[in-house]
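First the structure, in the form of structure tokens, and then the observations on it.
In what follows, chains carry the letters A, B, and so on, assigned in the order in which the sequence lines appear, proteins first and then strands, with residues in each chain numbered from 1.
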2 protein chains.
Amino acid sequence: MDKNANPEKGHICESINNSVKPDLSDLYDLAELYKVFGDMSRVRILVALTGGERCVYHLAEHLEMGQSAVSHQLRVLRNAGLVRPRREGRTVYYALDDEHVSEILEAGLEHVIHKKRGVQ
Amino acid sequence: MDKNANPEKGHICESINNSVKPDLSDLYDLAELYKVFGDMSRVRILVALTGGERCVYHLAEHLEMGQSAVSHQLRVLRNAGLVRPRREGRTVYYALDDEHVSEILEAGLEHVIHKKRGVQ
DNA sequence: CCTTAGTATGAATAAGTGTTCATATATTCA
DNA sequence: TGAATATATGAACACTTATTCATACTAAGG
């Protein structure tokens, strides 16, 4: 088949591998998603949550962050659909929303660790 | 440095799945990596490069960006080790540095598309 | 050499972002 | 009801960052 025939939009996203073809709106969402991962506090929160659900206070204590800062970042993660809250009395427990989240973390970690070991 | 860098906490990064245990420095690098992906211009450049190497001018034209903006972003991608330049005369062709890059893109895209289809 | 094409870079500006502080909301218990 | 605890939110600040403009660099051709 002709793969290089379309100068307009063709070659750029024939499909990243073999799955679905991403359009501009998908790439916008993709960048927004990665923007959420692009902060150490949020990454640490997410990694902490890979060990199971945690309450806000526990997160703040463990990550040595202010409670307000943690809450703010949890909201960002919530709005991005990455974490899910569960209320129990006065306490709110947060958990990863689905397994995609840890998959994304792992894809990045693999790259990071691979680069690190490769350079030294 | 950290006032309370106590590694005895343990539960946070027992290992994300089954691979290597990420430390604080890894998570810093991870956030920095995602920060690079967290911009639509850069994502579009990377996605364009999944179709093979492209020169700067071609990228600028295709993405409807200024040549300077593309160059600036290519430098960010280069410094992050995500793309690799190859000079041929006056033209510089850029390509993805390794297959990890498209894997990371795919992991995010899967999530994005899944969310999109799931909500409606 | 000079000119031209392709790319890179520095400075400036505008827009965005994470944290802190103060305060508000929500829930439990006395 | 009122106090205490857990979390959320708004505003302000410092800081980062993506783009544009102008210019410098690099290679090819005359």
Side-chain angles (χ1 to χ4, degrees), chain A residues 24 27-49 53-95 97, chain B residues 1-4 24 27-49 53-95 97:
Chain A
L24 256 186
L27 297 188
Y28 176 80
D29 295 342
L30 185 59
E32 291 302 307
L33 174 68
Y34 283 131
K35 212 169 285 184
V36 176
F37 282 85
D39 176 82
M40 192 174 181
S41 298
R42 288 191 293 265
V43 163
R44 293 180 74 205
I45 290 175
L46 291 175
V47 170
L49 295 183
E53 64 178 12
R54 303 275 187 270
C55 69
V56 179
Y57 182 78
H58 184 159
L59 286 171
E61 183 185 50
H62 185 91
L63 305 180
E64 294 172 339
M65 294 174 59
Q67 173 268 319
S68 179
V70 172
S71 251
H72 276 296
Q73 300 300 1
L74 282 171
R75 183 154 75 113
V76 175
L77 295 170
R78 228 168 46 218
N79 290 340
L82 300 182
V83 301
R84 182 176 8 98
R86 179 181 68 85
R87 176 145 232 150
E88 190 171 317
R90 291 168 288 205
T91 307
V92 176
Y93 293 92
Y94 279 89
D97 194 348
Chain B
M1 309 294 260
D2 294 333
K3 346 166 176 243
N4 188 14
L24 256 187
L27 297 187
Y28 176 81
D29 295 343
L30 185 59
E32 290 302 306
L33 175 68
Y34 284 130
K35 211 169 285 183
V36 176
F37 281 84
D39 177 83
M40 192 175 184
S41 297
R42 286 191 292 264
V43 163
R44 293 179 74 205
I45 290 175
L46 290 175
V47 170
L49 294 184
E53 64 177 13
R54 303 277 189 267
C55 69
V56 179
Y57 182 77
H58 184 161
L59 287 170
E61 183 184 52
H62 186 92
L63 306 179
E64 293 171 337
M65 294 174 58
Q67 174 267 317
S68 179
V70 172
S71 251
H72 276 296
Q73 300 298 3
L74 282 172
R75 184 154 75 113
V76 175
L77 295 170
R78 230 169 44 219
N79 291 339
L82 300 181
V83 300
R84 181 175 10 96
R86 178 180 67 84
R87 177 144 232 150
E88 189 170 317
R90 290 167 289 202
T91 307
V92 176
Y93 292 93
Y94 280 87
D97 195 347

Does [N] have OP1 or OP2 sitting under 4.0 Å from an N or O in the side chain of [X]?
X       : N      : answer
A:Ser71 : D:dT9  : no
A:Tyr94 : D:dA8  : yes
A:Arg75 : D:dT9  : yes
B:Arg90 : D:dG29 : no
B:Arg87 : C:dG6  : no

Once you round it to whole Å, what is the distance between [atom2] of [N] and [atom1] of [X]?
X       : N      : atom1 : atom2 : answer
A:Gln67 : D:dT7  : CD    : C1'   : 5 Å
A:Met40 : C:dT17 : CE    : P     : 20 Å
A:Asn79 : C:dT17 : CG    : C1'   : 15 Å
B:Lys35 : C:dG16 : NZ    : P     : 18 Å
B:Gln73 : D:dT16 : CD    : C1'   : 14 Å
A:Leu63 : C:dG18 : CG    : P     : 15 Å
B:His72 : C:dT13 : NE2   : P     : 15 Å
A:Glu61 : D:dA6  : CD    : C1'   : 14 Å

Under the ring pair (Phe, Tyr, Trp, His ring centres under 6.0 Å) rule, collect the residues that match up with A:Phe37, sequence neighbours excluded.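 Ring pair (Phe, Tyr, Trp, His ring centres under 6.0 Å) check on A:Phe37 returns B:Tyr34.
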Which nucleotide in [options] has an atom nearest any side-chain atom of [X]:
X       : options               : value
B:Thr91 : C:dT19, C:dT9, C:dG6  : C:dG6
B:Arg78 : D:dT19, C:dT9, C:dT20 : C:dT9
B:Val92 : C:dT19, C:dA8, D:dA27 : C:dA8

For [Y], is there any backbone N or O sitting under 3.5 Å from a side-chain donor or acceptor partner on [X]?
X       : Y       : value
B:Arg87 : B:Gly89 : yes
A:Arg44 : B:Leu24 : no
A:Arg54 : A:Leu49 : no

5' precedence on DNA chain C between A:Met65 and A:Gly89 (nearest-nucleotide basis):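 It is A:Met65, whose closest nucleotide lies nearer the 5' terminus.
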Do A:Ser68 and D:dT9 share a donor-acceptor pair, side chain to base, under 3.5 Å?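 Indeed there is one.
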I need the single residue from B:Val36, B:Asp39, B:Leu46 that forms a side chain to side chain contact (heavy atoms under 4.5 Å, CB included) with B:Gln73. Which is it?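 Among the candidates, only B:Asp39 passes.
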